[in-house]
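Values in this document were obtained by computation on a predicted structure and should not be read as measured data.
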2 protein chains.
Amino acid sequence: MKDMHLIVQKLRDRGYRMTAARQAILNVLLSSTRPLSPAELHQRAREKYQGVGLVTVYRTIEALIDLGVLRRVHREDGCHGYVYVGYGHRHIAVCRICGKVIVFPGSEDVLALEEKLWQETGFRVDDHLLQFVGVCAECQAREKEGIQQ
Amino acid sequence: MKDMHLIVQKLRDRGYRMTAARQAILNVLLSSTRPLSPAELHQRAREKYQGVGLVTVYRTIEALIDLGVLRRVHREDGCHGYVYVGYGHRHIAVCRICGKVIVFPGSEDVLALEEKLWQETGFRVDDHLLQFVGVCAECQAREKEGIQQ
DNA sequence: ATATTTGCAAAACATTTGCACGGAA
DNA sequence: TTCCGTGCAAATGTTTTGCAAATAT
């Protein structure tokens, strides 16, 4: 919940108003380590503030992506989830067992790849989307013990 | 259209039957350099074989993704497109002006990143999704001439 | 022959929009 | 007091399913 104050500030700076619904949605996002679908987000936000509507969830997601602190996660099945990633971060690794997301800063390794692509094909990269899928440390430990999920 | 024979073979091996509809859809996919949405794919396939239904397009996409030769492309707006990428290829770069896709093989640069992630967090990467967005060489040239797409 | 594949209509979902009211600034 | 934000209902779009007829093997 550490960035709450900062985000609220940024939202105000951009002319967004702070409402109970947005507080609730923001709260849920900041305390979740895995990507939530709009529907899940809606459900959880309601636990904190009764009157949140699904439409408001969509609109808040839009605002937070616009702000740059929320990340859309693509699942292989085509659905979307959203995770809070904060500022300056770029890459995520999604655990396919527990769904947890690890966020880590962008790296020069990708820059090297972009450079190589440019030299070989002339393609100029403006942005990239890098998403790892695998198993987190905790779930690996759990796998060893033979305990499922 | 070079891989047509190979793909048909693979499909048969898996028990899929070859039909006119699938031929048409496969033809369109193999001759397109940019990702097509199911609707676009449907439209184009109809030009080759009148009676293709949209549902069949969805089902064929499913089969080809299952085969591993078709790649789902995530657009920032949440829509999906599909491109033929062949076997053993992993990464794509999408031109945001003409939509063309460049496919290139996976690289050790990403492996290095995976290794780093593993050492620092214990996360074991099984798969990754890397997608570049930028401007291809041709569109850059066109930009210089001041001619808009 | 016979099991798969098909197109269609309808169902199921996900996302967006129009609108009058309520609430933050 | 002035807009922005809200929830609702309805519109839009996309993807999936049920089914009997058609077809590849």
| query | Can Lys116(A) and Asp109(B) be counted as an ion pair, charged N to O under 4.0 angstrom? | reply | yes
| request: Fit a plane to each ring of His80(B) and His80(A), take the angle between them on a 0 to 90° scale, and name the class: parallel (under 30°), tilted (30 to 60°) or perpendicular (over 60°). | output: tilted
| field | Length of the CG-C1' vector between Leu26(B) and dT5(C), whole Å | value | 15 Å
| said: Distance check needed: dT4(C) C1' versus Glu62(B) CD, whole Å only. | reply: 14 Å
| task | Identify, between Met18(B) and Thr60(A), the residue whose nearest nucleotide on DNA chain D lies closer to the 5' end. | result | Thr60(A)
| query | Between atom CZ in Arg14(B) and atom C1' in dA24(D), what is the gap in whole Å? | reply | 20 Å
| Counting side-chain heavy atoms from CB outward, which of dA9(D), dT25(D), dT15(C) is closest to Arg12(B)? | dT25(D)
| request: With DNA chain D as reference, determine whether Pro38(B) or Val52(A) sits nearer its 5' end, using the nearest nucleotide of each. | output: Val52(A)
| task | Figure out the CG/C1' separation between Leu64(B) and dT5(C), and round it to whole Å. | result | 14 Å
| field | Nearest-Å distance for atom pair CG/P, residues Asp66(B) and dT4(C) | value | 15 Å
| field | Nearest-Å distance for atom pair CZ/P, residues Arg72(B) and dT14(D) | value | 14 Å
| Can Val133(A) be reached from Phe123(B) by stepping across I, L, V, M, F, W or Y side chains whose heavy atoms are under 4.5 Å apart? | no
| How long is the span from the CG atom in Leu26(A) to the OG atom in Ser31(A), to the nearest 0.5 Å? | 9.5 Å
| query | Quick one: Asp13(B) CG to dA24(D) P, roughly how many Å, whole number? | reply | 19 Å
| Heavy-atom neighbours of Gln50(B) CD exceed 12 at 6.0 Å | no
| Taking the side chain of Tyr58(A) as its heavy atoms from C-beta onward, which of dA9(C), dA25(C), dA14(C) lies nearest to it? | dA14(C)
Side-chain atoms of residues 58-65 of chain B: list all donor-acceptor pairs with protein atoms under 3.5 Å, sequence neighbours left out, distances to 0.1 Å.
{"residue": "Thr60(B)", "atom": "OG1", "partner": "Thr56(B)", "partner atom": "O", "Å": "2.8"}

| With a 4.5 Å heavy-atom cut-off, do Pro38(B) and Tyr82(B) have their side chains touching? | yes
| What integer distance in Å separates Leu11(A):CG from dA25(C):P? | 11 Å
Mind listing the N/O atom pairs, protein and nucleotides 1-5 of chain D, below 3.5 Å?
{"residue": "dC3(D)", "atom": "O2", "partner": "Arg17(A)", "partner atom": "NH1", "Å": "3.1"}
{"residue": "dC4(D)", "atom": "O4'", "partner": "Arg17(A)", "partner atom": "NH1", "Å": "3.2"}
{"residue": "dC4(D)", "atom": "O4'", "partner": "Arg17(A)", "partner atom": "NH2", "Å": "3.4"}
{"residue": "dG5(D)", "atom": "OP1", "partner": "Arg17(A)", "partner atom": "N", "Å": "3.2"}
{"residue": "dG5(D)", "atom": "OP1", "partner": "Arg22(A)", "partner atom": "NH1", "Å": "3.0"}
{"residue": "dG5(D)", "atom": "OP1", "partner": "Arg22(A)", "partner atom": "NH2", "Å": "3.4"}

